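Just so we're clear, the structure is a prediction, and the values are computed from it rather than from any experiment. FYI, side chains are in, hydrogens and waters are out, and symmetry mates aren't considered; it's all heavy atoms of this structure. All ligand and atom numbering here is 1-based and tracks the order in the structure.
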Amino acid sequence: MTRQIQVQLGERSYAVSVGAGLLAELGPAVAALSAARQAVVVSDSNVAALYGARAADSLRRAGLGTELLTFPAGEANKTLATCSNLYDSLFALRPAMDRRTVLVALGGGVTGDITGFVAATALRGLRFVQCPTTLLAAVDASVGGKTGVDHPAGKNLIGAFHQPSAVLVDVDLLKTLSPAEFAGGLAECVKHAVIGGSGLGSTGFQPVQAQALPLNRQYQPPPAQVENLCHQSLMDFLETRREAVLARDPECLTELIARNVAIKAAVVSADERESGQREHLNFGHTIGHATENLVGYGAISHGQAVSLGMVAACRLAVARGLLDAASAGRVEKLLVALGLPVRWPGLSAAALWEIMRHDKKARGGKVRMVLPVRLGEVASFEDITEQAVAGAVDCLRVQE
Ligand SMILES: NC(=O)c1ccc[n+]([C@@H]2O[C@H](COP(=O)([O-])OP(=O)(O)OC[C@H]3O[C@@H](n4cnc5c(N)ncnc54)[C@H](O)[C@@H]3O)[C@@H](O)[C@H]2O)c1
Ligand SMILES: [Zn+2]
């Protein structure tokens, strides 16, 4: 069954479709965009080899002029130099390539961020469609319109807000993802579970809007179905469906991704440009980013660092009297069950604090953190002290 979630952003609204076998629908989905004649698929070297031909085939069958551009896989290539090569290849396609050309990002978050940035800037803005192939990109990076590349001075320092015209998640493509990459996506799912819960209740989120329907059709949720999807929180879902999630059962992945997208979509709809509520998506990422930076990119994955960051943020919330210890324990237990680390050897709280003070999200040297007040609700705090962080980081140390 295909599920569809609307990201409500006025004239920039778009649908996220999730289901098995959806790569075959890529052509019809792009062809349905007004005046689309040509599609240019951008993919990294790994994903292009696996799925590039199938994507191009679907686009050609839908009558679109189709090109496939690739770049070498890896975060190290999320650079302006890669974009520059892509601009060269794109402009070599003129005059067929023009402002009606639609870019398709086929790959993980690196591909989505690069393609989105090229789309935002080439000819002052092209439309693009996200076709995420990692769990992280499906539940997080492909929705929300943040695009960009890294700079030697830091990650994601160059970029633009540019929303996709559609997002198509084929859960079958996640089968070839390595267990480590898959676990990285699960860390972001736990993040959503803590910030957004079921999508119901006092947090202002809209109910999950999802049902089976053809692509690009205006959608009205039948109340019974919404009820059905929402009665269980994402936290409960991850706990009870853990085995099916880890086995990458297509139905289960469809449900999991739809729930996550609904939470992210609600946050993005409420605060597209991160002036308020969107900051909540940073839960686990303040200490997480600092840990990634301290341990070293390559020595720890983003998902592992975020897992540790969430454990520390929960501990900090318990120490402040915001969260009960049982809830913090529940988050930790779930992370372990999903194959994510909750302890790490040799973390220095002082070194982490120094990095946190210089984070691009710190304001005037003040460290801000998103902390859970219960499972399913978080709030931002800007009075975070070095002592509080030291206490929380202490819990991450491997017991000797
Ligand atoms: N724009 C946003 O809102 C946002 C949010 C979160 C993260 N990000 C960005 O996303 C990036 C991380 O994304 P990622 O974890 O998807 O990394 P990635 O795109 O580098 O993909 C990880 C690896 O998996 C491979 N791969 C992708 N799909 C595959 C598949 N189906 N089968 C086999 N291999 C596959 C890739 O080739 C790559 O080697 C970071 O650059 C981060 O800054 C952006
Ligand atoms: Zn993250």
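- For the Zn ion (ligand 2), the count of nearby protein N, O or S atoms, meaning those under 2.8 Å away, is 3.
- In terms of N/O distances under 3.5 Å, ligand 1 is not approached by L174.
- With a heavy-atom cut-off of 4.0 Å, E188 does not touch ligand 1 at all.
- Distances below 4.0 Å separate heavy atoms of N156 from the following atoms of ligand 1: 43 (O).
- For atom 20 (O) of ligand 1, the candidate residues are V149, D172, V110; the nearest heavy-atom contact is made by V110.
- Although no hydrogens or angles enter the test, the distance criterion places a donor-acceptor pair under 3.5 Å between the side chain of H285 and the main chain of F283.
- For ligand 1, the atoms sitting less than 4.0 Å from at least one non-hydrogen atom of N46 are 36 (C), 37 (O), 39 (O), numbered in the order shown with element in parentheses.
- In this structure, the side chains of L26 and L106 stay at 4.5 Å or more apart for every pair of heavy atoms.
- Side-chain atoms of H162 never come within 3.5 Å of backbone atoms of V118 as a donor-acceptor pair (strictly under, hydrogens ignored).
- Here the heavy atom of the protein found nearest to atom 37 (O) of ligand 1 is D44 OD2, 2.7 Å.
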Just distance, no hydrogens or angles: give the donor-acceptor pairs under 3.5 Å from side chains in residues 44-54, sequence neighbours left out.
unit_1: D44; atom_1: OD1; unit_2: N46; atom_2: N; d: 3.0
unit_1: D44; atom_1: OD1; unit_2: V47; atom_2: N; d: 2.9
unit_1: S45; atom_1: OG; unit_2: A73; atom_2: N; d: 3.0
unit_1: Y51; atom_1: OH; unit_2: L173; atom_2: O; d: 3.3
unit_1: Y51; atom_1: OH; unit_2: T176; atom_2: OG1; d: 2.6

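- Of all non-hydrogen atoms in L281 and K191, the two that sit nearest each other are O-NZ, 3.0 Å.
- The CG atom of D172 sits 9.5 Å away from atom CG of L23, with the distance rounded to the nearest 0.5 Å.
- Some N or O of T176 is nearer than 3.5 Å to an N or O of ligand 1, by distance alone.
- In this structure the side chain of M1 never reaches within 4.5 angstrom of the side chain of T254, judged on heavy atoms.
- With salt bridges taken as basic N to acidic carboxylate O contacts below 4.0 Å, none links R241 and E255.
- Side-chain contact check for V110 versus I114: some heavy-atom pair is nearer than 4.5 Å.
- Within the listing of ligand 1, atoms 3 (O) sit less than 4.0 angstrom from a heavy atom of K264.
- Which parts of ligand 1 touch E181 is read off a 4.0 Å heavy-atom cut-off, strictly below it: atoms 15 (O), 22 (C), 23 (C).
- Under 4.0 angstrom from ligand 1, the non-hydrogen atoms of L50 all belong to its side chain.
- Short contacts between ligand 1 and G108, defined as distances under 4.0 Å to a heavy atom of the residue, involve ligand atoms 16 (O), 19 (O).
- Atoms of ligand 1 found under 4.0 Å from any heavy atom of A73 (numbered from 1 in listed order, with element): 37 (O).
- Closest to atom 40 (C) of ligand 1 among all protein heavy atoms lies E75 OE1, 3.1 Å.
- Proximity of Q130 to ligand 1 is not established, as no heavy-atom distance is less than 4.0 Å.
- Proximity of K175 to ligand 1, defined as any heavy-atom pair under 4.0 Å, is not found for any part of the residue.
- Inter-residue side-chain proximity for V331 and V194 is flagged as met; some heavy-atom pair is nearer than 4.5 Å.
- Of the heavy atoms in K146, both backbone and side-chain atoms come closer than 4.0 Å to ligand 1.
- Screening residues 126-138 for side chain to side chain donor-acceptor pair (under 3.5 Å), with sequence neighbours left out, gives no hits.
- For a threshold of 3.5 Å applied to N or O pairs, the pair formed by L173 and ligand 1 contains at least one separation below that value.
- Judged purely by distance below 3.5 Å, without hydrogens or angles, the side chains of Q163 and Y14 pair a donor atom with an acceptor atom.
- Checked against a 3.5 angstrom limit, the closest N/O atoms of T134 and ligand 1 fall inside it.
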Let me check something: any side-chain donor-acceptor pairs from residues 83-96 under 3.5 Å, sequence neighbours excluded? List them with distances.
unit_1: Y87; atom_1: OH; unit_2: T121; atom_2: OG1; d: 2.5
unit_1: S89; atom_1: OG; unit_2: N85; atom_2: O; d: 3.1

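- Looking only at heavy atoms of the protein, atom 28 (N) of ligand 1 is closest to T133 OG1, 2.7 Å.
- When heavy-atom distances to ligand 1 are checked against a 4.0 Å cut-off, D113 comes that close only through its side chain, counted from C-beta outward.
- Residue-level proximity to ligand 1 for H285 is absent, since no heavy atom of it falls below 4.0 angstrom.
- Considering only heavy atoms from C-beta on, T286 stays 4.5 Å or farther from V370 through its side chain.
- Contacts of L177 with ligand 1, taken as heavy-atom pairs under 4.0 Å, involve both backbone and side chain.
- No side-chain donor-acceptor contact under 3.5 Å links E377 to the backbone of G196.
- Of all the heavy atoms of A141, the ones lying under 4.0 Å from any atom of ligand 1 are found in both the backbone and the side chain.
- Here the side chain of S327 pairs no donor or acceptor atom with the backbone of L375 at under 3.5 angstrom.
- The N/O atoms of D140, backbone and side chain alike, include none that comes under 3.5 Å of an N/O atom in ligand 1.
- In this structure the side chain of E188 reaches within 4.5 angstrom of the side chain of H302, judged on heavy atoms.
- Heavy atoms of other residues, nucleotides or ligands lying less than 6.0 angstrom from CD of E251 number 12 at most.
- Among the atoms of R278, none of the N or O lies under 3.5 angstrom from an N or O of ligand 1.
- Set against the non-hydrogen atoms of Y51, the atoms of ligand 1 under 4.0 Å away are 31 (N).
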